[in-house]
Each structure stands twice: as structure tokens, then as C-alpha cells.
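What follows is a single structure, written as C-alpha cells, with notes after it.
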Amino acid sequence: MLNIKKQITRLYVSSALWNLSLAGAWVAILAARGYSLLEIGFAETVFHITSLLFEIPSGILADLFGRKNMLIVSTVMKIIGNLIMIASCNLFMVCAALSFYAMSYNFSSGSGDALAYDSLKMVGKEAYYERYASNELIIHRFCGGVSTLCAGFALFIGHKAAYGADVLMCAVQIGTLLPLREVYAGDGNNVSEGSKANGKNIAGNLIGSIGKEFVKCFAESLSFIKKERKTMLLMLSNSLVGAVDILLLFFLQAKLPKAGMPDGALGFALFFMEMGGVLGARMILKCKKLRYKNVFAATGFFVLLGVLLEHSGVYMVMMLGGFVAAFSDDALQVRTNTILQDMFPSKQRATLISIESFTFSMIMIVLSPLAGVVFSWW
């Protein structure tokens with residue numbers, strides 16, 4: 001019998017360890033090492049390209065070979081990235097490290113949510129998923145904020161020590177993941193048992209079988225989206241609001257100091273804005289009767305309000321804009337994720353979550369040039 005409390009707790013702990021990082025402010029670390037903004041921008045581009053290439057395949061692999069297994073793969077990828085960054089002495093090695101970080105994100109993004117929902121569904125507690133999604137976003141925001149506050153300490157101890165500490169946290173994370181149980185809510189059976197049956201078929205023709213299963217899973221996912229068009233509308237709505245929030249917070253990092261904020265206060269300002277997401281993820285749980293279209297209208301309005309406040313030129317008001325945008329983004333994300341998870345078929349759950357992440361990335365690419373113009377104008 002699955003111990004759902006231990007299963008969910010391990011997923012929470014794993015998420016916290018993944019999001020906590022002494023080297024979270026990697027842009028500042030690279031700048032301190034003497035890399036130019038052009039080089040850092042190029043490295044970030046490599047990260048996003050790699051992420052786009054592996055987003056959907058990572059979800060398919062999670063559905064085929066187990067979500068727990070892909071969470072472990074994600075952590076191993078992060079360890080490799082950290083080790084390369086420790087040894088890095090040129091831009092090529094930095095880009096290689098960021099590629100592994102991107103793949104680590106890809107293999108983690110859909111696997112955890114899929115495993116959590118199917119675990120809850122297996123014991124008849126899928127109604128708890130909305131609270132799980134809320135707690136996950138709170139962990140993400142809080143740990144991200146703490147990592148930002150650690151930027152100064154990371155610069156003090158040096159990049160090798162900071163990335164070395166991250167390797168140790170990854171090792172602890174793997175220890176947290178190993179006791180997790182693979183579950184597949186499609187028939188209530190343990191996924192690992194189903195995987196053994198698949199393994200007999202794959203043994204005969206390994207490459208061909210994996211390729212066929214890979215294509216089949218992707219085709220079935222696309223067929224589901226075509227049939228349930230509401231899912232794509234939900235993905236686009238959530239991704240649009242989320243992209244505006246992320247871009248706003250990104251540009252505020254550069255604009256707050258220009259607006260007169262003391263350099264020493266920037267980390268606390270970014271932490272304050274992240275806490276807006278924590279509040280939004282919690283408040284949406286109290287609005288269960290609010291229809292989705294009303295949630296989208298309200299959160300869309302407040303994200304745009306955040307953009308307007310960003311143009312005030314007063315750093316305290318700009319901070320408030322970032323707080324409001326993060327609040328709206330996470331509130332909508334919790335509601336959207338809950339609805340989508342209830343709609344997704346278990347066999348393609350991780351793949352469909354990855355398609356949603358891919359949609360978000362594409363919207364980010366489209367909006368980024370426009371955001372550069374909008375956010376640079378007072």
C-alpha cells in the first residue's frame with residue numbers, strides 16, 4: 001500500500017533541494033569571474049535552445065520509463081553541470097554546463113507533478129492536488145528568493161565552493177528520491193512492474209521498440225490535445241500571464257538600481273517580489289468557487305497593472321508591481337495546473353506537462369524582443 005504522506009513529503013523535500021542553490025545568481029557569478037554581458041547573454045541563449053530541444057522528449061521519456069527515474073536523471077544532470085562549472089575556464093565550458101542545467105530542468109519539470117498527481121489519484125485523494133500545486137509553487141518561490149539572497153555569500157566564498165555545495169545538495173536529493181514509489185494511475189498498478197513487461201519487448205529490438213513507443217506516446221498526446229482543445233487554450237492562457245510576469249521580474253533586476261535603489265537592497269527587493277507568488281499560490285485556494293475565466297481576467301489585469309507600475313520610475317512602486325505580477329502568475333498557475341491534471345490521461349501526463357512548458361518557452365521567445373522595448377521605456 002502506498003504511503004501517500006511519505007511520497008508527497010519526499011517530493012516536497014526534493015523540490016526544495018532542487019531549487020535551493022548557493023550559485024542561483026549565476027549571472028552575477030559569471031560577471032564577477034570576468035565574463036562580459038555579451039558572453040553571458042550567449043550562454044543564456046544556449047540554455048534556452050537546449051531547453052526547447054529537450055522539453056518534450058524529456059516528458060515522453062518520463063511517461064515511458066518512469067517519473068521517479070527521470071527525477072533522478074535530472075539530479076544527475078545538475079551534478080554534471082555543477083562539476084563542469086567548477087572546472088570551467090572558458091565560455092565553451094560554461095555553455096556546456098548550462099546545457100546540462102537546461103536538461104536537468106527539462107527532466108524535472110513534468111516528472112514531479114505527474115508522479116504527485118498519479119500518487120494522489122491512486123489512493124483516491126486527487127482533490128488534494130490543488131494544495132500540492134500551491135505548496136510546490138511556494139517552495140519554488142521561497143527557495144528561489146533564498147538563493148537570490150545568497151548571491152553575496154556565493155561571491156564571497158568563490159564559484160568553486162558555491163557549485164561544490166550544490167553538488168552536495170544534489171547528492172542529498174538523490175537520497176530523497178530513491179525511496180519514492182513509481183505509480184501509474186491508469187490502472188492503479190506500480191509502473192515499475194509495467195516497465196518490466198515492456199522491457200521484454202524492448203529486449204528483442206531495443207532501438208526500434210523505444211523509437212516506436214516514443215513516437216506513439218507523442219502522437220497520442222497530440223491526438224488528446226486535438227480532441228480536447230480546451231487544454232491548449234488553458235496552456236496558452238497560463239503561459240501568456242506567466243511569461244509577462246517572468247519578463248517583468250527579469251527586467252526589474254536591472255531597472256531597480258537605475259531607479260535609485262541601493263545595491264545592498266536589491267536582493268531583499270527580489271525576495272519581496274518572489275513572496276508575492278507565495279501569497280498568490282495560497283490565496284487561490286480560498287477562491288475555489290471562482291470560475292476560471294474570472295480568475296484569468298483578474299490575474300491578467302493585475303499582471304498588466306504590474307507592468308504599468310514598473311514604468312513609474314519610483315523603485316518602491318516598481319517593487320509593488322513585481323509583487324502584484326508574481327501574485328497573479330502563481331494564482332493562475334495553481335488553478336490551471338489543477339484543471340489540466342484532472343484532464344490529462346495518466347499515460348501521457350508528463351508528456352503533456354512538457355508540451356505546456358514548451359508552449360511557455362515559445363511565448364517567451366516571441367515576447368522577449370517586445371518586452372525589451374516595453375520595459376526599457378519609462
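Side chains included, hydrogens not; waters and symmetry mates left out as well; all remaining heavy atoms used. Not measured: the values here are computed from a predicted model.
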Would you say the side-chain atoms of [X] pair up with the backbone N or O of [Y], donor to acceptor, closer than 3.5 Å?
{"X": "Ser99", "Y": "Thr50", "value": "no"}
{"X": "Ser74", "Y": "Met70", "value": "no"}
{"X": "Asp245", "Y": "Ala326", "value": "yes"}
{"X": "Lys68", "Y": "Leu180", "value": "yes"}
{"X": "Gln7", "Y": "Arg181", "value": "yes"}
{"X": "Ser328", "Y": "Val324", "value": "yes"}
{"X": "Ser14", "Y": "Leu177", "value": "no"}
{"X": "Gln333", "Y": "Gly242", "value": "no"}
{"X": "Ser147", "Y": "Ser21", "value": "yes"}
{"X": "Asn69", "Y": "Phe65", "value": "yes"}

Give the minimum heavy-atom separation between [X] and [Y], together with the two atoms involved.
{"X": "Phe360", "Y": "Ala243", "answer": "CE1-N, 3.4 Å"}
{"X": "Cys89", "Y": "Tyr35", "answer": "C-OH, 3.9 Å"}
{"X": "Gly81", "Y": "Ala97", "answer": "O-CB, 3.4 Å"}
{"X": "Pro345", "Y": "Leu352", "answer": "CD-CD1, 3.7 Å"}
{"X": "Tyr292", "Y": "Ser237", "answer": "OH-CB, 3.9 Å"}
{"X": "Leu309", "Y": "Met318", "answer": "O-CG, 3.7 Å"}

Cationic N near anionic O, under 4.0 Å, [X] to [Y]:
{"X": "Lys78", "Y": "Asp166", "result": "no"}
{"X": "Lys121", "Y": "Asp342", "result": "no"}
{"X": "Arg67", "Y": "Glu182", "result": "no"}

Is the number of heavy atoms from other residues, nucleotides or ligands within 6.0 Å of [atom1] ([X]) greater than 12?
{"X": "Met93", "atom1": "CE", "value": "yes"}
{"X": "Tyr12", "atom1": "OH", "value": "yes"}
{"X": "Phe100", "atom1": "CZ", "value": "no"}
{"X": "Tyr128", "atom1": "OH", "value": "yes"}

Taking [Y] as the starting point, is it possible to reach [X] by hopping between hydrophobic residues whose side chains are less than 4.5 Å apart?
{"X": "Leu308", "Y": "Tyr315", "answer": "no"}
{"X": "Val167", "Y": "Val73", "answer": "yes"}
{"X": "Ile49", "Y": "Ile84", "answer": "yes"}
{"X": "Met319", "Y": "Leu248", "answer": "yes"}
{"X": "Phe268", "Y": "Leu20", "answer": "yes"}

Worksheet item: Looking at Thr75, Ile174, Thr176, which one forms a side chain to side chain contact (heavy atoms under 4.5 Å, CB included) with Leu17?
Response: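 That would be Thr176; it is the only one of Thr75, Ile174, Thr176 passing the side chain to side chain contact (heavy atoms under 4.5 Å, CB included) with Leu17.
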Item to complete: Using side chain to side chain contact (heavy atoms under 4.5 Å, CB included) as the criterion, point out the one residue from Ile29, Leu30, Leu22 that pairs with His159.
Response: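 Result for side chain to side chain contact (heavy atoms under 4.5 Å, CB included) with His159: Ile29.
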Do [X] and [Y] have ring centres separated by under 6.0 Å?
{"X": "Phe327", "Y": "Phe302", "result": "no"}
{"X": "Phe54", "Y": "Tyr105", "result": "no"}
{"X": "Tyr132", "Y": "Tyr129", "result": "yes"}

Discussion item. Working note: Arg33 + Ser88, criterion side-chain hydrogen bond (donor to acceptor under 3.5 Å, both in side chains); need CA distance, chi angles, decisive distance, verdict.
Written reply: CA-CA 11 Å; Arg33 293 178 61 189; Ser88 64; 3.1 Å; yes
Item to complete: Before giving the answer on side-chain contact (heavy atoms from CB on, under 4.5 Å), spell out for Tyr117 and Phe344 the whole-Å C-alpha distance, their side-chain angles and the decisive distance to 0.1 Å.
Response: CA-CA 10 Å; Tyr117 188 87; Phe344 288 162; over 6 Å; no
Item to complete: Please check if any side-chain donor atom of Glu220 sits under 3.5 Å from a side-chain acceptor atom of Thr351, or the reverse.
Response: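 The answer is no; no qualifying pair exists.
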Discussion item. For Asn106 and Ser51, which I'm curious about, is there any donor-acceptor pair between the side chains at under 3.5 Å?
Written reply: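 There is such a pair between these side chains.
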Worksheet item: Given Glu356 and Thr231, is the side-chain hydrogen bond (donor to acceptor under 3.5 Å, both in side chains) satisfied, shown in steps?
Response: CA-CA 9 Å; Glu356 181 186 10; Thr231 58; over 6 Å; no
Fill in: Parallel, tilted or perpendicular, as decided by the 30° and 60° cut-offs, for the rings of Tyr101 and Tyr163
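Tyr163 and Tyr101: parallel rings.
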Worksheet item: So Ile339 and Met343, side-chain contact (heavy atoms from CB on, under 4.5 Å) or not? Walk me through it.
Response: CA-CA 7 Å; Ile339 296 173; Met343 297 173 66; 3.9 Å; yes
Fill in: Point-to-point distance, once rounded to the nearest 0.5 Å, from OG of Ser357 to CD1 of Ile56
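Atom-to-atom, Ser357:OG and Ile56:CD1 are 9.5 Å apart.
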Discussion item. side-chain hydrogen bond (donor to acceptor under 3.5 Å, both in side chains) for Arg335 and Asn238? Distances and angles first, verdict last.
Written reply: CA-CA 9 Å; Arg335 180 58 58 84; Asn238 187 43; over 6 Å; no
Practice prompt. Have a look at Arg349 and tell me which of Asp113, Asp118, Asp63 forms a salt bridge (charged side-chain N to carboxylate O under 4.0 Å, His left out) with it.
Written response: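 That would be Asp118.
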Worksheet item: Going through the checks in order, is the side-chain contact (heavy atoms from CB on, under 4.5 Å) test met by Asn19 and Val146?
Response: CA-CA 9 Å; Asn19 283 285; Val146 171; over 6 Å; no
Worksheet item: Does the pair Met362 and Leu52 meet the rule for a side-chain contact (heavy atoms from CB on, under 4.5 Å), with working shown?
Response: CA-CA 8 Å; Met362 293 303 296; Leu52 279 175; 4.0 Å; yes
